[in-house]
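Keep in mind that the numbers below use all heavy atoms, side chains included, and drop hydrogens, waters and symmetry copies.
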Amino acid sequence: MLRVLRRDTQFLGKLRPERRFHITHAKMQFEKESEHSHIKSHFRNNKKKYVALASALSVCTICTYAYNQSDYWMARFARTLVSVTRIMILFRSFNQKYKKKREEFVSNKGDEWDSDNEFVIEYAEARKNLNHESAKIILELCIVNKGAYVKAGQFIASLVYALPKEITDVLSALQDAAPTHDWEYTRVLLEEQFGTSFNELFVDFDEKPLASASIAQVHVARLRENNEKVAIKIQHPRLREIFEQDVLCMTMMLKLAKFFYDFPFAWVMPEFEKSLQNELDFVNEAINCERATHMFRNNKQIIIPSIYWDLTSEKIITMEFLDGFRLNDMDQLAKNNISVKQVSQLLVDCYSVQTFLYGNVHSDLHPGNLHVRIDPKSGLPQLIVLDHGCYKRLDEQVRLDYANMWRCIINRDINQGRVLLEKFGIDGDFFQLFALFLTFSNLLDKSETGLIDQRKKMDGNQIKSMFASFKDKYLSKHPNAGITDYFALIEGMLQGMNLDLVLLLKANIQVRGITSGFNKPINRFATMVEYCIHGSENQVIQVPKIIPLKGGKSRVIHVDEVRLSEGTFIQRFKLNWQLLKLRFNLLVMDLLFSMRNNAFMLQIFKTFYRTE
């Protein structure tokens, strides 16, 4: 009826004024209710959008308030959100700028990706700048947030050769980013943990930390009981609580970033979280020290600090003080007449014994944890291995598979290598690329022997030719990897891999980085292969070890023993024959290396070892 009245203005004009008022008022009410109904309907249809918008505004309001507040979890979350957003904007802008150009370039050039092309040079340089700017944002976030962020940044910085150099170079500054806590907290914690006064424990205690890291700081002291000099590692306050919040925050941010952008190398997060939990328990670190001591009990040149178990708890570890200097301190090496070849050999032996023989690997082998000294008795250099909180313990089958995969690389057994690689969750077709990533051995080059002497430096043309061969095999089949983006290809290769490989690869990369810094004085690859041959024929069993404590008490832990696998006489003969051939090749290569400037000897070697 109102519809009729609304149209018929003449009829309304004929009505009495008071009647016209009531009808007009009813009309206005109807229109108002219709408008409200439309608004309600619109809100119901778009409810999720408005809720999301309101939530986002609320989060932004809270984050804006929290950003500059005290160092509690909301403040760190807010700063993380801002940093991740900044990085996503950078990548989005980069992709928008080059998406059309890349498509045009690929459609015109196809697989002919000339590295001298003007666009390729521009794209590669822009990608480097993008990585550098992103790394600077992450570095700023880690320094401000501290806690697990510093540890995560150090973890990423250690992935040299797995991540672009501009990222690892920027984040390497975090290796020296070490928070400290005050002396009063140290004193109170010592008395709480051991139930006695501080003066009854120590005759001398240096209140100034000798060293500090993201998890703890180290003090030097002398025990009152026997006047022995010890190093005491004290965990920073509230660390477990802070780390749990930080890991949750980082996981959320990675998922958010992954939703908007295929964030690279997110696969490291689960293993990082697991290793972080192990590092926070200093009793676990003490057990690792005991296992490493047992592992190198017959090697007088690789030293592990002894543990004082009566002064060790979840937050404190007391160990023997071993004086030395960083293994990459070239001035101290020269002063003590220690060659980089000796240091490199000790480091590679240490890593290889842990990895291939025992399957229990120290996964934080950076120079800060590796010191060198001269043994006062023998006069020989000794490698001191510190900070045993982060270890990767391999299942026996995983250890054997990893050792056999190295054997496949040295023997160029592509088919078996593919089978083993797939056991680690990586597509077997990537075996040659994985071998390059793991050992820098070019298995696509048929003119070389399987045993590559990595002391030999390739010139620019040889490196270009090698990567061109891998580009033809892999990049052309993976157009989404980018124009020259080998790191995107490597990330795609590693993304589904077994997490056992994460810390193994990290340790391998760290060892490679240190020996490369020494200008590769030894054949690292060949040395590792000799250990992996032994390891593939051995088995590891656990045996109990009793540790005596004060008051007649004791503690039992389990350590590893290596036993030769049972086999026939023929199998052992084949093993010894393979080792003999390997050592002969090493001898020849050492001779060649010492005569590398002799063109005649070089030609004889190439002729003798040439393969068809």
Side-chain angles (χ1 to χ4, degrees), residues 193-195 223 225-226 228 230-233 235 274-275 277-322 349-365 369 382-403 500 503-504 507 531-532 534-567:
Q193 294 286 305
F194 303 126
L223 300 178
E225 181 182 16
N226 51 23
E228 289 184 358
V230 295
I232 304 177
K233 186 174 176 180
Q235 191 174 114
K274 183 178 177 181
S275 66
Q277 293 297 330
N278 290 333
E279 286 192 76
L280 290 176
D281 185 357
F282 286 178
V283 173
N284 177 69
E285 179 175 349
I287 292 174
N288 287 336
C289 280
E290 293 288 352
R291 287 173 176 163
T293 300
H294 187 78
M295 197 183 304
F296 296 106
R297 63 193 181 280
N298 296 322
N299 190 329
K300 302 302 181 184
Q301 288 186 266
I302 298 178
I303 308 300
I304 313 296
S306 300
I307 300 298
Y308 291 80
W309 279 96
D310 293 300
L311 294 176
T312 294
S313 67
E314 185 179 334
K315 295 183 178 181
I316 299 174
I317 182 171
T318 305
M319 66 193 82
E320 173 189 9
F321 181 84
L322 297 174
D349 286 341
C350 177
Y351 168 80
S352 300
V353 167
Q354 292 180 346
T355 304
F356 300 115
L357 298 188
Y358 288 89
N360 195 21
V361 188
H362 191 305
S363 301
D364 206 9
L365 293 173
N369 291 335
Q382 292 179 317
L383 178 67
I384 304 170
V385 185
L386 304 172
D387 195 358
H388 295 262
C390 185
Y391 267 73
K392 181 60 184 177
R393 190 172 185 82
L394 304 177
D395 292 335
E396 182 65 358
Q397 189 58 52
V398 172
R399 181 190 68 83
L400 291 172
D401 289 340
Y402 189 66
D500 285 329
L503 292 183
L504 276 175
Y531 279 101
C532 88
H534 277 292
S536 62
E537 300 295 335
N538 292 337
Q539 61 178 344
V540 178
I541 62 171
Q542 288 194 333
V543 297
K545 178 180 178 180
I546 300 175
I547 301 173
L549 304 176
K550 289 182 179 179
K553 299 180 180 180
S554 63
R555 186 186 191 104
V556 179
I557 65 171
H558 287 85
V559 296
D560 298 321
E561 290 275 5
V562 174
R563 304 282 172 83
L564 183 65
S565 299
E566 294 183 1

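- By the 4.5 Å heavy-atom criterion applied to side chains, Val361 and Tyr351 are counted as neighbours.
- Looking only at side-chain heavy atoms (C-beta outward), Pro305 and Leu386 come within less than 4.5 Å of each other.
- Put simply, the side chain of Arg291 never gets that close to the backbone of Ile557: no donor and acceptor are under 3.5 Å apart.
- Of the inter-residue distances, the one linking Ser306 atom OG with Leu322 atom CG reads 7.5 Å to the nearest 0.5 angstrom.
- Between Gln354 and Phe296 there is a side-chain heavy-atom pair separated by less than 4.5 Å.
- Note that CZ of Arg555 and CD1 of Ile287 are 5.5 Å apart. Values are rounded to the nearest 0.5 Å.
- Interatomic distance, CD of Glu320 versus SG of Cys289, reported as 10.5 Å (0.5 Å rounding).
- The shortest distance between side-chain heavy atoms of Val559 and Val543 falls below 4.5 Å.
- Between Met319 and the choices Thr312, Ile307, Val230, the side-chain contact (heavy atoms from CB on, under 4.5 Å) rule is met once, by Ile307.
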Practice task
Please test Asp310 against Lys553 for salt bridge (Lys or Arg N to Asp or Glu O under 4.0 Å), starting from the C-alpha separation and ending with a verdict.
Solution key: CA-CA 10 Å; Asp310 293 300; Lys553 299 180 180 180; over 6 Å; no
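- Inter-residue side-chain proximity for Leu280 and Glu314 is flagged as unmet; no heavy-atom pair is nearer than 4.5 Å.
- Heavy-atom minimum distance, Cys350 versus Val385: SG-CG2, 4.0 Å.
- Between the Asp387 side chain and the Asp364 main chain, no donor and acceptor come within less than 3.5 Å of each other.
- The shortest side-chain heavy-atom distance between Trp309 and Val283 falls under the 4.5 Å cut-off.
- Summarising the geometry of Asn538 relative to Arg399, their closest heavy-atom pair is O-NH2, 2.8 Å, with the distance given to 0.1 Å.
- Listed by chain and number, the residues in a ring-ring contact (aromatic ring centres under 6.0 Å, His included) with Tyr391 are His362, His388 (sequence neighbours excluded).
- Using modelled atom types, one side-chain atom of Thr318 and one backbone atom of Leu311 make a donor-acceptor pair closer than 3.5 Å.
- Among all heavy-atom pairs drawn from Ser313 and Phe282, the shortest one is O-CB, 3.3 Å.
- For Gly535 against Leu400, the heavy-atom pair with the smallest separation is O-CD2, 3.6 Å.
- The number of heavy-atom neighbours closer than 6.0 Å to CD1 of Ile541, taken from other residues, nucleotides and ligands shown, is above 12.
- The two atoms that bring His294 and Glu561 nearest to each other are NE2-OE2, 3.1 Å, heavy atoms only.
- In this structure, Glu396 CD and Asp560 CG are separated by 9.0 Å, a value rounded to the nearest 0.5 Å.
- Rounding to the nearest 0.5 angstrom, the gap separating the NZ atom in Lys545 from the OG1 atom in Thr293 is 6.0 Å.
- At least one donor-acceptor pair under 3.5 Å links the side chain of Asn226 to the backbone N or O of Glu228.
- Looking at residues two or more places apart in sequence or on another chain, you find no side-chain hydrogen bond (donor to acceptor under 3.5 Å, both in side chains) involving Asn360.
- Rounding to the nearest 0.5 angstrom, the gap separating the CD1 atom in Ile232 from the OH atom in Tyr308 is 10.0 Å.
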Practice task
Starting from the C-alpha separation in whole Å, work towards a yes-or-no answer on side chain to side chain contact (heavy atoms under 4.5 Å, CB included) for Leu504 and Leu394.
Solution key: CA-CA 9 Å; Leu504 276 175; Leu394 304 177; 3.8 Å; yes
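- Not a single side-chain hydrogen bond (donor to acceptor under 3.5 Å, both in side chains) links Gln235 to another residue, sequence neighbours left out.
- For the pair Gln301 (side chain) and Leu383 (backbone), a donor-acceptor distance under 3.5 Å is absent.
- Side-chain contact check for Lys233 versus Ile316: every heavy-atom pair is 4.5 Å or farther apart.
- In summary, Glu225 and Lys550 engage in a salt bridge, as defined by a charged side-chain N under 4.0 Å from a carboxylate O.
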